[in-house]
Structures are given as C-alpha cells and as structure tokens.
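Everything on this sheet refers to the single structure shown next.
Below, read A as the first sequence line, B as the second, and so on, with proteins coming before strands; counting in each chain starts at 1.
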Protein chains: 2
Amino acid sequence: MSNDILRKDLQDSGLRATGARLAVLGLLREAPSPLSHGEIAQTLEDSPWSRATLYRNLIDLEKAGLVRRTQLGEPVWRFEDAAKEHGVRSHPHFLCSSCGKMVCLPVIELGVGPVKGINRALSQGRYEIQLRGQCDSCSSRGGKG
Amino acid sequence: MSNDILRKDLQDSGLRATGARLAVLGLLREAPSPLSHGEIAQTLEDSPWSRATLYRNLIDLEKAGLVRRTQLGEPVWRFEDAAKEHGVRSHPHFLCSSCGKMVCLPVIELGVGPVKGINRALSQGRYEIQLRGQCDSCSSRGGKG
DNA sequence: TTTTATAATGCAACAGTGATTCAATTGCAA
DNA sequence: TTGCAATTGAATCACTGTTGCATTATAAAA
C-alpha cells in the first residue's frame, strides 16, 4: 500500500496524515484478520509512538469511518453451577452487546467443514458457540446495533 | 437449597464451609444462567465479604469441580480496515481460548428459530457468530481444553 | 520559506477486571 | 478446648481502556 494513497485517504476523511496514522492504517490494510490494540502496539513497538497515541489513532480512524471496531464477546469470566444440566458448551448463548443480558439458545448443529489450524476442535466439537447482537428491548430503545 | 446440603457438598469436595462459600455456591445453584464475578459481588454487596474473597471462592469452587468457569469472548477490542470485504459480522470467527489467535470461518447458515427476547436480532440476522475453543497447536501442547 | 492556528502527541494518571502477597483470623479435627 | 492449616481483608500489581494537560508537529496561509 503506497504511502501516498494512505495519506490521501486520511486527508479525504478529515484527518491529518501523521506518521502514526500512516503506520496504523497501513498495518490494518495488510492484516488478514482484525487486530487488537495490543497486537498493533507490539508490532510497532520499535516505532516512536506511544500506546496512547496508537490507541487514539485507532479511535480516530474508527470515527472517520476508515476502520471497524468490534469486541468479540464480553470481557468478564462467568461462573455456573457445575451440576447444571446446562454447561456453557452444551448449547449456544446469545449475548446482548448493549445490556450484557445472556439468553440460552436451542442446540444448533453447525457442520463446519475442515479449516486449517483448528480441525481438531471442529471435528471433536470442542468449542462453544456464541451469538452476539442486541436484544429486543435494547434495539427498541435505539442505539447502535 | 438447604445450607446443610451446601455445607456437605463443600466439605465433600475438600473445601471448608465458610459463609462466603455457602453464599456464593447457593447463589450459583439458584441462578438461571452463568453469573460474572461482578454480578455476584453486586448481589452480595451487603455481605461482609470482600470482592477478593468472593473472587477467590469462585476460583476455589472451580478447582474443586463444583463450578464451571468460562469467558464468553475476549477482553480486548479488535480493529480492521473498514474497506475489507470481510466485516466482523459478515462471517464467523474462531477464537483460540489459549493463545488468542483468530481464524476466519466460512459463512454458516444458522436457522435458529424464534427465541423470546431476541427475535428481532435473529430474524434480521443482526448478530455475529463466534466459536471459541483451542486451536490445533495449543491443544497439541496440552493444557485444558 | 516563514508563520500560525490547531490538531496530534507523550506523559501521567485513573477506572475496571483479574490476580497475588502477606499478616491476621477462622474453621474444624484432634 | 486447642492448634494448625485454610481462609480472609487490605493492599498491591498487571493489563486494557481512557482521559487531562502541557508540548510538539502538521498543513495551510502569508
């Protein structure tokens, strides 16, 4: 990705084309999958930019529409009675991204074919399924979906 | 749930039956879905036990096999180029619970029937699908699956 | 090229969750 | 009842995310 293209895209979006932004946007454009702030900071650890700057640049890029930001799940551990028929792995859960409410779902058979690097988990069914979105009451009250 | 049963189950598992453990285990046995440490601490905020004690009790209960512990997601935000064909919602991801590696999966049609409270998201397809388990290299190196 | 307004940066600090250390206290078995 | 190991609270640290403020750099105007 040419620096000139990155620079133009930044300026077209109303952002100044600073070194940190060129680096961060260039990195995300070359990445095969979404990156976390920590991974980006580690990749650029020899660069002159602080973690705070990289973090703010990611937020700036998101506000400018150049980057998408998602949290895959929720950042806390959950505990449940081990005797419950209803192990976390035994059926999928829907998690509301707004209020954190958790809803149990009926069992779903996925049938995902082989995928390089995770065939063991897939073939043995050793994984949890989680759906994430807004529950009805949160989407009624508005807010981003 | 009788306190005597809780007490016996704790002691059978090799744990002392302290007030905090009776309260935490009783709470989890009555809960309809998994609870987070924060939710438990909030429910018991008028109790004499500190957050650290409740937290350690949850870990103790898990080690004793009385409780199951899962993190439904990951504690970081991820960013990706907005221009990527490949929005986080456009296809499912597999997330390794050990090393954090993310793998993109082929599109899956779920066909979940109506579920009370989340019908809007389900019918409109407004949700992300995430699978969570151990990738092949992590399960080769051992460790809990 | 120089100037200038202001956007961007680094440093420092705070919040929330998770985790641990250590001295004081408690449970419970002898 | 006693004694010791298990448990507890307070404090503290790590990590991610976030913000305030003084300084610096960008990009446009002169």
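Residue A:Asn57 is in sugar-phosphate contact alone, with no base atom involved, counting any heavy-atom pair closer than 4.0 Å across all strands shown.
Using a 4.5 Å heavy-atom threshold, the side chains of A:Ile59 and A:Arg69 count as touching. A heavy-atom distance below 4.5 Å is found between the side chains of A:Ile118 and B:Leu105. Counting heavy atoms from C-beta on, the side chains of A:Arg29 and A:Leu66 come closer than 4.5 Å.
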Report, one pair per line, the protein and nucleotides 26-30 of chain D atoms (nitrogen or oxygen only) whose separation is under 3.5 Å.
from: D:dT26; atom 1: O2; to: A:Arg16; atom 2: NH1; distance (Å): 2.7
from: D:dT26; atom 1: O2; to: A:Arg16; atom 2: NH2; distance (Å): 3.1
from: D:dA27; atom 1: OP1; to: A:Gln11; atom 2: NE2; distance (Å): 3.1
from: D:dA27; atom 1: OP1; to: A:Ala17; atom 2: N; distance (Å): 2.8

For nucleotides 21-24 of chain C, tabulate all protein N/O to nucleotide N/O atom pairs closer than 3.5 Å, reporting atom names and distance.
from: C:dT21; atom 1: O4; to: B:Arg56; atom 2: NH1; distance (Å): 2.9

Using a cut-off of under 3.5 Å, enumerate the N/O to N/O pairs linking the protein to nucleotides 14-16 of chain D.
none

Pairs under 3.5 angstrom only: tabulate donor-acceptor contacts from the side chains of residues 20-27 of chain A to other protein residues two or more places apart or in another chain.
from: A:Arg21; atom 1: NE; to: A:Asn57; atom 2: OD1; distance (Å): 3.3
from: A:Arg21; atom 1: NH1; to: A:Arg16; atom 2: O; distance (Å): 2.9
from: A:Arg21; atom 1: NH2; to: A:Asp60; atom 2: OD2; distance (Å): 3.0

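Close to C:dA19, at under 4.0 Å from its OP1 or OP2, lies a side-chain N or O of B:Tyr55.
Each end of the helix from C:dT1-D:dA30 to C:dA30-D:dT1 gets its own axis from five base pairs, and the two axes differ in direction by 10°, given to 10 degrees.
For the contact set between residues 41-50 of chain A and DNA chain D, defined by any heavy atom under 4.0 Å, there are no members.
Crowding of A:Gln42 atom CD: a count of heavy atoms from other residues, nucleotides or ligands under 6.0 Å not exceeding 12.
Heavy-atom distances to DNA chain C give each of A:Arg21 and A:Ala52 a nearest nucleotide, and the one nearer the 5′ end belongs to A:Arg21.
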